[in-house]
Amino acid sequence: MTGTGSAPWWQGASVYQIYPRSFADADGDGVGDLTGLDHHLDHVADLGVDAIWMSPVFRSPMADNGYDVSEYCDIDPVFGDLATFDTLVAAAHGRGLRVLLDWVPNHTSAEHPWFVDSRSSRDSVRRDWYYWRGGDPATPPNNWRSNFGGPAWTWDDTTEQWYLHLFLPQQPDLNWNNPEVQVAMHETLRFWLDRGVDGFRMDVVHLIGKDPALPDVPERLVDRHIAGWYDDPRTHPLLRGIRSVLDEYPGDRVSIGEVNLRDPRRLAGYYGDGDELHLVFTFRGMDLGWDAAGWARLIDEVGRDLPAQAWPAWVLGNHDEKRVRTRLGSLRRAEVLTLLALTLRGATFIYAGDELGLADADVATDRRVDVVGRDGCRAPLPWLREPPHGWTGATPWLPFPPDPQQHSAEAQTAEPTSTWHLYRDILAARRVSPALRLGATTRRDAPAGVLAFQRRFGDETRTVVVNFNDSAVNVPLSEPQVRLVDTSRAPGGTTYDDVVAAESAVLLCPAHPPPLHGELDLHESAPGVGEA
Ligand code: GLC
C-alpha cells in the first residue's frame, strides 16, 4: 500500500475473530484446537484480513468456555500447548496475519491458584486480590446482580464471607485496586508479548475499576446487565497502566476494548488522551439491524463524539450474539451490512463463519452447553461439503449450522458468486485503498432508506451507497463512477449507472483516473506483516 505514511497497522485493519472450539479440530476429539486452526490458516489469509483474534485459549475449567482462566501463561490442553501456539504464531506471521489474544482481566477462574489461595483463609496473602465482604449469609453485601443472572455474590463457607463475581460464581472478580494484582496481570501481558503476539482484545475491560466501598447501584439499574452501563472513573488509570506495558514493546502492539456501553460519548473516555485503549468496540451496530436512519445517526455520532484521533472498531457479530444473518433473517441483508461495516472509518471485526454465510445452529435442549444460551453462533465451521464436514473423529461439541453443504468452505470457495467471494472482493478493495483504510468520512444526501458516504485520503476517494429499500433506487453522483463491489453481484469494473438494486450496497471509485493497478485484480495475496 502506498501513500499512507507510517500509520499503525491496526488503524483501518480487518480482524477475523476465531472461536477456537468451533474452528477446526486436528486431534479428532470434537473440539477445535490450535493445530486445526493452523491447518486452515490459508482460508483466513486468502480471505484477505489483516489479523486474527482468538477467543481465550488459556488453561481453563471451561465453565464459560475459556473466559474463566485458571492459568494465564499457558495453553489449555484441549487446544494444544505452548509449542503448538508458537508454531501457529509463526505460521500466521509467515502469511502476513497478525495474532491477537483474548485477555480476561476482570475475573479469573475460581480454580486459579490466586483465588484458591485467597479463599483458603482470611489471612491469605492474596485475600485482598479479590473482593471479600463479611455480613449475614442470607443478605449479599450489595444489590449488584451478575450479568448471567442472580446475585453477583457467593457465600463461601470456608471463611464465612461473600466474594464478588459479575459473571458466574466460577469467575471471581479480581481486585484491581490492589497494586499487586496490577503487577501480576501486567506480567501475563508481557508473557504473551514476549512470545510475539500483536495485541489483545480485552474482555469487559471497562469493569476492572471499582469503588472499594462497592455501593448499591440505583434501583432503576438493578435489573439491567451491569456490563451494559457500568462506567467507573477508576478504570482509566488502570487502562493507562496496561497501555504502558504494551508501549514497552516495538511493533504497534494493540489493545482493543470490549466496552459494552452503547453511547459513543461514553466510549470516548476509553481512548484517554491517546494513552488508554487503541480501539474500542462500537457494539451499537449489532443492535441496529436493517435501519438506514439508525446507521446514519450512528456514523454521525461516532464521527462527532469520539476524539478526532480515535479509531472505532466495528462489529456485526461475535461469539455472544446471534449471527448477523440470523439476526436480520436474510443473508442478502447480512451481506449489505458487511459491505457497510467494512467500508466505515475504523477497524472492522469479522466473526468466523459469517464469510461462509452461516446462520445460527438450532441446538436441541440436550446439547446446550452455554449457561445463557449462546450456543447457536458457536457451532462448528463446516469445511467440506460432505458430512462430517472436515470434522473427523468424535461428534463435534455442538451441531452444525443449517445447510452445511452449501455453506461449507469447500462450496463457498468454489462458487464465484458466493458470500465468501463477496467478502474477499470487499477486503481486497479495502486493502489497496488508503481512502478505505484511513480516509475521512463525509456523509452524502441520499433518498429515503438510502445511506451514502464518501471516504477520502489525499486525492483518492471511494463512495459507498447502501439501499435499504425493497426496490431499486436512483442515486446519481456528481462524477462518473465505476463499481468495485456490488452486493447484488453486478460485476466489478462496470460503469455505475446511478442505480442501486433493492437491498444492495455498492462500493464505487471515480471512473477518472481509472482504478489503481491491482484494485480490480481482487485476488492478490495479503501483504506480509510489516509491509501494510
Ligand atoms: C465477555 C465475553 C463473554 C464472556 C464474558 C465474561 O462479554 O465476550 O463471552 O462470557 O465476557 O468473561
Side-chain angles (χ1 to χ4, degrees), residues 60-61 63-64 67-70 72 103-186 188 202-239 241-242 258-261 371-372:
S60 166
D64 187 15
Y67 287 96
D68 48 321
V69 179
S70 56
Y72 287 93
W103 186 58
V104 188
N106 180 64
H107 41 267
T108 67
S109 161
E111 293 181 30
H112 195 294
W114 298 341
F115 187 72
V116 172
D117 185 0
S118 181
R119 103 192 291 177
S120 65
S121 149
R122 290 193 192 187
D123 300 326
S124 153
V125 289
R126 292 207 179 77
R127 186 65 169 178
D128 184 50
W129 284 37
Y130 295 85
Y131 291 100
W132 291 98
R133 296 292 182 268
D136 166 5
T139 318
N142 70 16
N143 66 353
W144 295 13
R145 299 185 65 78
S146 150
N147 284 287
F148 291 152
W153 294 92
T154 289
W155 177 260
D156 192 56
D157 282 332
T158 318
T159 54
E160 300 192 314
Q161 284 195 328
W162 296 90
Y163 69 87
L164 177 71
H165 51 86
L166 294 185
F167 292 87
L168 293 174
Q170 297 94 318
Q171 294 168 297
D173 277 43
L174 278 166
N175 175 13
W176 277 80
N177 291 310
N178 183 331
E180 291 174 11
V181 169
Q182 298 172 28
V183 169
M185 288 301 284
H186 290 177
T188 68
M202 300 187 171
D203 190 64
V204 286
V205 72
H206 62 310
L207 302 181
I208 64 177
K210 293 182 181 78
D211 178 347
L214 302 174
D216 275 347
V217 302
E219 210 43 47
R220 71 191 158 79
L221 293 175
V222 167
D223 289 325
R224 285 183 46 200
H225 282 154
I226 202 162
W229 56 264
Y230 189 91
D231 190 16
D232 190 295
R234 289 169 189 79
T235 299
H236 298 289
L238 298 174
L239 290 177
I242 291 165
E258 187 202 15
V259 177
N260 303 98
L261 308 172
V371 275
V372 286

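When only modelled atom types and interatomic distance are considered, Tyr130 and Thr108 share a side-chain donor-acceptor pair under 3.5 Å.
Across all their heavy atoms, Pro212 and Arg234 have their closest contact at CD-NE, 3.9 Å. Across every non-hydrogen atom of Gly134 and Pro141, the tightest pair is O-CG, 4.3 Å. The nearest pair of heavy atoms linking Ala63 to Leu168 is O-CD1, 3.5 Å. Taking all atoms of both residues into account, the shortest heavy-atom contact from Tyr230 to Leu261 is O-CD2, 3.7 Å. Nearest heavy-atom pair across Arg127 and Arg119 is NH1-CA, 3.7 Å. Closest non-hydrogen pair, Val259 versus His206, comes out as CA-ND1, 3.7 Å.
One distance of note links CG of Asp203 with NE2 of His107; it measures 5.0 Å at 0.5 Å rounding. For the atom pair OH (Tyr131) and CG (Asn178), the distance works out to 9.5 Å, reported to the nearest 0.5 Å. Distance check, rounded to the nearest 0.5 Å: CG of Leu221 to CG of Asp216 gives 11.5 Å. Rounded to the nearest 0.5 angstrom, His112 NE2 and Ser60 OG are separated by 11.0 Å.
A salt bridge is absent between Lys210 and Asp232: the closest approach of a Lys/Arg side-chain nitrogen to an acidic carboxylate oxygen does not fall below 4.0 angstrom.
Side-chain N or O atoms of Asn142 include one that pairs as donor or acceptor with a backbone N or O of Leu214 at under 3.5 Å. Looking at Ser124, its side chain does come within 3.5 Å of a backbone N or O of Asp117 through a donor-acceptor pair. Remark: the backbone N or O of Pro151 is not paired with any side-chain donor or acceptor of Ser146 at under 3.5 angstrom.
For Trp162, the ring pair (Phe, Tyr, Trp, His ring centres under 6.0 Å) partners at least two apart in sequence or on another chain are Trp155. Taking the ring pair (Phe, Tyr, Trp, His ring centres under 6.0 Å) definition, one finds that Tyr163 meets it with Phe115, Trp132, His165, sequence neighbours left out. With sequence neighbours excluded, the residues forming a ring pair (Phe, Tyr, Trp, His ring centres under 6.0 Å) with His236 are Tyr270, listed by chain and number.
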